[in-house]
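Reviewing the structure listed below.
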Amino acid sequence: MPITASQYDKTPCVPVSGDKAECSAGWMDILSRLRSAIVPGPFVLCVECYPGAFVAEIARAIQDGLRPALTIEAEKCFRPAGDLELMLAPNLTDDSVFGRMESIELDSFLEPDKVAQCRRAMQNVAGLAVVVGTGAALVCGDWDLLVYCNMARWEIQQRQRRNEIGNIGLDNLQEPASAKYKRGFFVDWRAADRLKRRLYDRIDFLLDTNDRRTPKMIGGNAVRRGLELAVRGPLRLVPFFDPGPWGGEWMRRTFDLPSDAPNYAWCFDCVPEENSLLLGFGAQRIEIPSIDLVFRHPIELLGKNVYERFGAEF
């Protein structure tokens, strides 16, 4: 029987809780919730951002809403762009598509002297200090509250194509999207994922930053509970569609897709490295990269033999 648009759910969701109050939507609610978690006296708020998040916008919202005594942007601790290019050249290679998968850690992007200087500045603050950006947790070393700003891979790619974001430590907005994607795939995302896996148990709040107009925030325990529910039964990921030279109109008609693309050639429906997972809290939905589920529950999802041979890779 042919699939019809009404049968194909483009926003499948794992229901976690019927209480939408668990999820804060919009900066006003998010800042109110953070404000209630901050106690008087020296207090460090760490806002770790996945590559692709609009860090400047997030920092500005927190600065305006919480009025910290000190705000540090983690990127100020990065090594010079030229040094990063030399360090990463063996991974990126001269090939236009292929690179090398190696164990790059986000720590190697930072200059120890700059990190030490930031930590000294934090120690001298009597009130709220905020460290925000990719690598913020490494700059902090320790903190009182951890907010993790998550990003879906598909949204990252859209921002790359619109020249809204570059890569970690580089001012390369105008580079071709394919070059930014390649660097993200082989370097940025790998390093950020390794840090994320180290932090997941310590996340106090997860901030869904995919919709810049209406960010959403959920408690870390709620996200971890959602992933436990997701791995127990059948689930679908959020599909996305993309044009291509061989594309046509079948997918547009069948799945009721927007008319702003010239055609549709691709449908990604179950690729954890690319697709998202929606967790439902009442009427609110939190979008996270589905690779987080692989990282969090690799044995349950992949099986012991696969995990022992390949690790937490789908």
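One-based numbering along the sequence shown.
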Where at least one partner belongs to residues 35-49, residue pairs that pass side chain to side chain donor-acceptor pair (under 3.5 Å), sequence neighbours excluded: none

Can you check whether Pro262's main-chain N or O pairs, donor with acceptor, with Arg252's side chain at less than 3.5 Å? yes

Just by distance, do the side chain of Asn150 and the backbone of Asp208 share a donor-acceptor pair under 3.5 Å? no

Please name the pair of heavy atoms, one in Leu278 and one in Val238, separated by the smallest distance, quoted to 0.1 Å. CG-CG2, 3.5 Å

Intermediate values then yes/no, side-chain contact (heavy atoms from CB on, under 4.5 Å), Glu313 and Val294: CA-CA 7 Å; Glu313 297 281 349; Val294 183; over 6 Å; no

Identify whether the distance between the nearest side-chain nitrogen and carboxylate oxygen of Asp242 and Arg161 falls below 4.0 Å. yes

Looking only at atom types and distance, does a side-chain atom of Arg190 sit under 3.5 Å from a main-chain N or O of Ile104, one as donor and one as acceptor? no

Are side-chain heavy atoms of Asp292 and Tyr200 found at a separation under 4.5 Å? yes

Can you find a pair of side-chain heavy atoms, one from Val44 and one from Asp142, that are under 4.5 Å apart? no

Taking the side chain as every heavy atom from C-beta outward, state whether Thr209 and Glu155 have any pair of such atoms under 4.5 Å apart. no

Would you mind reporting whether Leu106 and Arg194 have side-chain heavy atoms less than 4.5 Å apart? no

Is Phe109 reachable from Phe186 through a run of hydrophobic residues whose side-chain heavy atoms are each under 4.5 Å from the next? yes

With a 4.5 Å limit on heavy-atom distance, are the side chains of Ile72 and Lys76 in contact? no

For residues 54-69, pull every pair meeting side chain to side chain donor-acceptor pair (under 3.5 Å), keeping only residues two or more places apart or in separate chains. Glu57-Arg212, Gln63-Thr71

Donor-acceptor contacts under 3.5 Å from residues 21-33 side chains, at least two apart:
unit_1 : atom_1 : unit_2 : atom_2 : d
Glu22  : OE1    : Arg225 : NH2    : 3.2
Glu22  : OE2    : Ser17  : OG     : 2.8
Glu22  : OE2    : Arg225 : NH2    : 3.1
Ser24  : OG     : Arg33  : NH1    : 3.2
Arg33  : NH1    : Glu22  : O      : 2.8
Arg33  : NH2    : Glu22  : O      : 3.4

Could you tell me which non-hydrogen atom of Lys196 sits nearest to which non-hydrogen atom of Pro289, and how far apart they are? NZ-CG, 3.9 Å

Throw together a table of side-chain donor-acceptor distances under 3.5 angstrom for residues 114-134, partners on residues two or more places apart or in other chains.
unit_1 : atom_1 : unit_2 : atom_2 : d
Lys114 : NZ     : Phe78  : O      : 3.3
Arg119 : NE     : Val139 : O      : 2.9
Arg119 : NH2    : Leu138 : O      : 2.8
Asn124 : ND2    : Arg120 : O      : 3.2
Thr134 : OG1    : Cys49  : O      : 2.8

If I take atom CG from residue Leu302 and atom OH from residue Tyr307, how far apart are they, to the nearest 0.5 angstrom? 9.5 Å

Could you check if a side-chain atom of Glu111 sits within less than 4.5 angstrom of a side-chain atom of Pro80, using non-hydrogen atoms only? yes

On a heavy-atom basis, which atom in Thr93 and which in Pro90 lie closest, and how many Å separate them? CG2-O, 3.6 Å

For the residue pair Phe255 and Trp250, is the inter-centroid distance of their aromatic rings smaller than 6.0 Å? yes

Determine whether Leu257 and Leu237 fall in the same hydrophobic cluster, where Ile, Leu, Val, Met, Phe, Trp and Tyr are linked whenever their side-chain heavy atoms lie under 4.5 Å apart. no

State plainly whether one hydrophobic cluster holds both Ile203 and Leu195, where clusters connect Ile, Leu, Val, Met, Phe, Trp and Tyr through side-chain heavy atoms under 4.5 angstrom apart. yes

Let's go through Trp246 and Asn263 carefully: what are the C-alpha distance in whole Å and the side-chain angles of both, what is the deciding distance for side-chain contact (heavy atoms from CB on, under 4.5 Å) to 0.1 Å, and is it a yes or a no? CA-CA 8 Å; Trp246 62 88; Asn263 60 56; over 6 Å; no

Enter the distance from Leu293:CG to Arg296:CZ here, rounded to the nearest 0.5 Å. 10.5 Å

Calculate, to the nearest 0.5 Å, the distance between atoms CG and CG belonging to Asp201 and Leu146 respectively. 11.5 Å

Row check, Phe54 ring normal vs Arg159 NZ/CZ: under 6.0 Å, within 45°: yes

Determine, stepwise, if the pair Trp143 / Arg202 fulfils side-chain contact (heavy atoms from CB on, under 4.5 Å). CA-CA 10 Å; Trp143 53 82; Arg202 303 179 65 187; 3.4 Å; yes

Under 4.0 Å between a Lys/Arg side-chain N and an Asp/Glu carboxylate O for Glu228 and Arg224? no

Any idea which heavy atoms bring Ala53 and Ile58 closest together, and the distance? CB-CD1, 4.1 Å

State, without any angle test, whether Asp193 and Tyr50 hold a side-chain donor-acceptor pair at a distance under 3.5 Å. yes

Check: residues 279-288 side-chain donor-acceptor pairs under 3.5 Å, at least two apart:
unit_1 : atom_1 : unit_2 : atom_2 : d
Arg285 : NH1    : Thr11  : O      : 2.8
Arg285 : NH1    : Thr11  : OG1    : 3.4
Glu287 : OE2    : Ser276 : OG     : 2.7

Give every donor-acceptor pair under 3.5 Å between a side-chain atom in residues 266-274 and any protein atom, sequence neighbours left out.
unit_1 : atom_1 : unit_2 : atom_2 : d
Asp269 : OD2    : Tyr8   : OH     : 2.4
Asp269 : OD2    : Arg236 : NH2    : 3.2
Glu273 : OE2    : Phe314 : N      : 3.4
Glu274 : OE1    : Gln157 : NE2    : 2.6
Glu274 : OE2    : Tyr181 : OH     : 2.7

Run the salt-bridge test on Glu175 and Lys182 with the 4.0 Å N-O cut-off and return the result as yes or no. no

Give a yes or no on whether Met101 and Phe310 share a hydrophobic cluster (residues Ile, Leu, Val, Met, Phe, Trp, Tyr; joining criterion: side-chain heavy atoms under 4.5 Å apart). yes

Verdict with reasoning, Val223 to Asn221, per side-chain contact (heavy atoms from CB on, under 4.5 Å): CA-CA 5 Å; Val223 174; Asn221 286 335; over 6 Å; no

Between Lys216 and Asn210: side-chain donor-acceptor atoms closer than 3.5 Å: no

Flag the pair Arg197 and Glu105 as a salt bridge only when some basic side-chain nitrogen lies within less than 4.0 angstrom of an acidic carboxylate oxygen. no

Nearest heavy-atom contact between Phe205 and Ala37 is CE1-CB, 4.3 Å

Has Asn167 got a side-chain atom pairing as donor or acceptor with Lys180's backbone, closer than 3.5 angstrom? yes

Minimum heavy-atom distance between Leu277 and Leu235, given as atom pair plus value: CD1-CD1, 3.6 Å

As a quick check of understanding, evaluate salt bridge (charged side-chain N to carboxylate O under 4.0 Å, His left out) for Asp107 and Arg79, giving each step before the final call. CA-CA 10 Å; Asp107 308 60; Arg79 296 167 60 180; over 6 Å; no

When rounded to the nearest 0.5 angstrom, what is the spacing between CZ in Arg183 and OG in Ser178? 14.0 Å

Taking CZ in Arg162 as the centre, count heavy atoms belonging to other residues, nucleotides or ligands within less than 6.0 Å. Is the count above 12? yes

Should Leu45 and Leu66 count as side-chain neighbours, where that means a heavy-atom distance under 4.5 Å? yes

Transitively linked via ILVMFWY side-chain contacts under 4.5 Å: Leu170 with Met87? no

Nearest 0.5 Å, what's the CE-CG distance between Met217 and Asp204? 10.0 Å

